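All remarks here apply to the structure that follows.
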Amino acid sequence: EKGGYKHFMLKEIMDQPNAMRNCLRGRIYQPAEAPDRWEIKLGGLEKAKEGALNPQSPLERMANACRFIFAACGTSWHSGLIGKYAFEKLAGVRAEVEYASEFRYRKPLICDSDCLIAISQSGETADTLEAIKMAKEHKALTIGVVNVVGSSIARETDCGMYLHAGPEIGVASTKAFTCQVIALLLMALRLGKQRGALSEEMLNMYCAALNAVPDSIEKWMSSLTEQTQVISKNLRLATNALFSGMGVHFPVALEGALKLKEISYIHAEGFPASEIRHGGITLIRNFVPVICIAMRSDPAYEQIKQMVRDFRHKGAALLVLTDDGNTDFAGVAHFTLCCPATKLEMQPLISCIPLQLLSYHIADMRGCSIDQPRNLAKSVTVE
Ligand code: M6R
């Protein structure tokens with residue numbers, strides 16, 4: 001049931017701190033005998049399934065893999081993009097992200113030292129399932145990051161991690177997305193340790209930061225709800241909106257745009273801040289909403305700041321999403337939303353929440369069918 005909320009989507013947005021805790025539970029912990037240290041245990045990746053062609057432990061194969069391929073669709077593809085940053089930076093390994101629906105119709109070069117990570121809330125997306133079958137034909141290890149227990153993708157993959165996010169009923173994915181990002185961060189940290197890319201000290205720092213995310217979101221939720229309602233009132237009549245972010249926040253911008261278009265039917269696009277100079281800048285004119293993610297921890301923060309000033313100069317209705325205590329956008333942005341800060345790789349878990357709420361409130365104010373948007377299925381099982 002909706003638990004007193006007007007829509008499942010809102011319930012699922014609000015449920016995220018709990019869903020995240022469930023995804024972390026038992027997987028990240030401080031051992032009783034060494035409480036200043038953090039450990040990561042990923043049970044679903046320890047042993048090959050009964051009857052598997054390759055009996056080697058999946059974690060060992062992952063530690064020696066040359067390349068990871070994330071295959072997914074829609075929102076799950078966005079979490080793959082965030083996963084790529086984490087795998088490269090924290091585990092020091094090559095990672096590529098593929099739309100399953102493109103991958104399966106090419107002849108991609110796959111070898112037996114590759115690992116394909118299939119990301120799916122439903123575990124039933126036909127294209128993602130097909131990408132797994134192709135990877136298996138080339139003897140790559142296949143790993144599922146799935147929410148629905150016993151689903152086709154969970155059964156077809158060699159090993160995996162369940163999200164434990166609980167049922168997601170709203171067609172727009174919210175809590176499954178944040179839990180997918182958590183699962184990929186846990187894998188990246190575990191591999192970072194195993195592959196020697198992370199020192200014990202760095203690992204402890206990242207684990208402590210990851211573990212603290214659900215509490216910081218929970219504390220922030222009620223003030224954030226009020227703020228996003230006020231901003232939504234101002235943006236609800238827009239016909240187009242642009243979302244900009246750089247680095248790890250580019251996928252967050254894409255996800256913000258997808259959420260807005262799927263439930264409010266406002267045309268929206270996400271783009272990497274600097275890339276807009278190569279064409280999209282023509283779309284910016286008076287009153288076009290531009291939502292910019294600009295965290296001081298972003299490596300290109302100075303460039304982003306410059307872009308934000310430029311958008312304002314061109315007349316955009318500017319909403320800047322930044323970290324707590326940042327006053328750099330006073331007098332530049334029409335609206336500023338401040339997020340609790342964390343380590344850069346974990347920041348998307350926090351910065352996506354205001355964008356989910358913004359889409360929700362805008363769609364609600366426009367009277368849209370939020371839990372079941374027109375034409376859209378919760379899981380796309382057709383090819
Ligand atoms: O169940 P899956 O994660 O495989 O679904 C993939 C996409 O269909 C899904 O994420 C879709 O984009 C959502 N409606 C986004 O909110």
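Treat the numbers as computed from the prediction; the structure is a model and nothing was measured. All ligand and atom numbering here is 1-based and tracks the order in the structure.
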Quiz item: Judged by modelled atom types alone, do His7 and Asp371 share a side-chain donor-acceptor pair under 3.5 Å?
Solution: no

Exercise. Indicate whether any N or O donor in one side chain lies under 3.5 Å from an N or O acceptor in the other, for His138 and Asp112.
Key: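 Their side chains do not contain a donor-acceptor pair, so the 3.5 Å distance test is not met.
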
Quiz prompt | Aromatic centroids of Phe70 and Phe87 separated by under 6.0 Å | solution =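 Under 6.0 Å, so yes.
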
Practice problem: Return the set of residues passing ring-ring contact (aromatic ring centres under 6.0 Å, His included) with Phe177 (not counting sequence neighbours), or none when no residue passes. | Solution: none

Practice problem: Could you tell me which non-hydrogen atom of Cys23 sits nearest to which non-hydrogen atom of Ala183, and how far apart they are? | Solution: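 Shortest heavy-atom separation between Cys23 and Ala183 comes out as SG-N, 4.3 Å.
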
Quiz item: So which residues, sorted by chain and number, lie with a heavy atom under 4.0 Å of ligand 1?
Solution: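 For ligand 1, the contacting residues are Cys73, Gly74, Thr75, Ser76, Ser120, Gln121, Ser122, Thr125, Val171, Ala172, Ser173, Lys259, Glu262.
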
Quiz item: Which of parallel (below 30°), tilted (30 to 60°) and perpendicular (above 60°) describes Phe271 and Phe311?
Solution: perpendicular

